[in-house]
Student: 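Handing you this structure, nothing more for now.
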Amino acid sequence: MSTETIEKKDTQVEKKPSEPLLSKRRRKFIADPLSDDNPITVQVLGICSALAVTTQMKPTFVMAVAVLAVIVFSNLIISAMRNLIPSRIRIIVQLAVVASLVILVDQVLRAYLYDVSKMLSVFVGLIITNCIIMGRLEAFAMGNKPYDSVLDGLGSGFGYAWIILAVAFFRELLGSGAVFGYEVFAAIGWEDFPTNGLMVTPVGAFMVLGLIVWAQRAKTGYVEK
Amino acid sequence: MRQSNAYVIGFAAILTVVLGGLLALAATGLRDKQAAAERLDTRTKILSAVMEIEEGAPIDAIWEERIRSLVVDFEGNVVTALENGEQLVAEKLDIGKEFDKAPEDRLFPVYKFMNEENPEKVDAYIIPMYGNGLWDNIWAFVALEPDLVTVRGVRFDHQAETPGLGARITDAEVQARFEGKKIYNDLGELVSIEMVKGETGDPSIYDDYHVDGLSGATLTAKGVNAMLEKYFAYYEPYFKTIKTADDSEVEEAAESI
């Protein structure tokens, strides 16, 4: 793969009538990872953080936003310089970009959301090793244009976000009787709602996640080969 | 061209400089904001040992008005500056780092919660503590009434205790068990407070020196007991200086900063 052929291809694409901003092909970048190709439930990536940070909705939400930001911007940056990156050190380059973005997110959280940043503790730093991000960079951003890569990042980011938020919703509701810290059961007059301690532990996350995977695969008919 | 060693090295070098510069910029730009957030967090925790903190309360204003802090050494003497002449600020002391030193070398911060009407009168003494839980460190802020015998309130926190078991030391209900308990017996001997093994849910069966335990988290409870006992002992020399001062009715304003 020499530089010349890639450049030629790029100019050819540009000559065609420009594709609509959200063409059918591009909508698939966002829609696929939400369900049919979900990074957590289908590709089974990023499980570690999905289990660790999902005891409550608030830190989970911040984590979801953090991962979304990192995945979108790293996709954009890597895609923008994909023709400059020497293929021999591409993984290190990807890692450097992801790590820098994650540290930025961590610094911002520490300055503006100190309590949440303490709750997430090491898991913000561990976004660096989240396989979803490196996976998208290697599989998509290295070979596609920046705009498409951003859409792809948004798709995977939201696919990750809705799953961990769903897990956190059930864990906080059943484990602490609350949603976003708001005591739901106390509010509707069920003061002595028996909270389930299992839901607070990672075991609860495994069970909720397993049920979501089950429900989703029953619906989409996906079977692992 | 893109595969030549020179290109690879050059690319890596430029990338490193750009990313490094960016991060350095961010770290410097956010440093003040981070320090402020951290200070606010510490102050909130210390104050919450003596009062209910509502969301959005003016923590810094309350702190300036009500808290007088000082640092004492192992012998109970007030220390105002380090050996290198640096001024000591109680809230900037890292209790975790002090915990790593030998007890004789540690510095111990004291936060005096002053009376709202009479700013010369102490309403409570708040002392920070640090110890080992089951998996990692635990720490606490313990508020004592001016008699230095009765516990007014405690706030526990932890690094990595098991959620639902040891991590329950941060529950308001568990912390409330310590309120009104005593650390000295009638003879004036230090007895500290012990969290028992097992959980009955009935606070009435315990005397002034015992509290209900944590079912399934006996080792965390043991860590709490050890931490309380050790730190009450560490602060005892300082408590004695206050008591002597009170007895001779010396205005203790002299030693407050």
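Every chain is numbered from 1, with letters handed out A, B, ... down the list of sequences.
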Student: In terms of heavy-atom pairs under 4.5 Å, which option from B:T44, B:L22, B:N5 contacts chain A the most?
Tutor: B:N5
Student: Charged N to carboxylate O under 4.0 angstrom, A:E138 versus A:R90?
Tutor: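 Salt bridge present between A:E138 and A:R90.
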Student: Output the option from B:D41, B:L15, B:L40 having the highest count of non-hydrogen pairs under 4.5 Å with chain A.
Tutor: B:D41
Student: Using a distance-only test with no angle check, is there a side-chain donor-acceptor pair under 3.5 angstrom linking A:R110 and A:S117?
Tutor: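 Absent: no donor and acceptor within the cut-off.
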Student: So is B:R66 actually on top of B:F113's ring, under 6.0 Å and inside 45° of the axis?
Tutor: yes
Student: Would B:R168 and B:E199 pass as an ion pair if we require N to O under 4.0 Å?
Tutor: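 Yes.
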Student: Is chain B contacted by the side chain of A:L104, its backbone, both, or neither, given a heavy-atom distance below 4.5 Å?
Tutor: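 Both backbone and side chain of A:L104 come within 4.5 Å of chain B.
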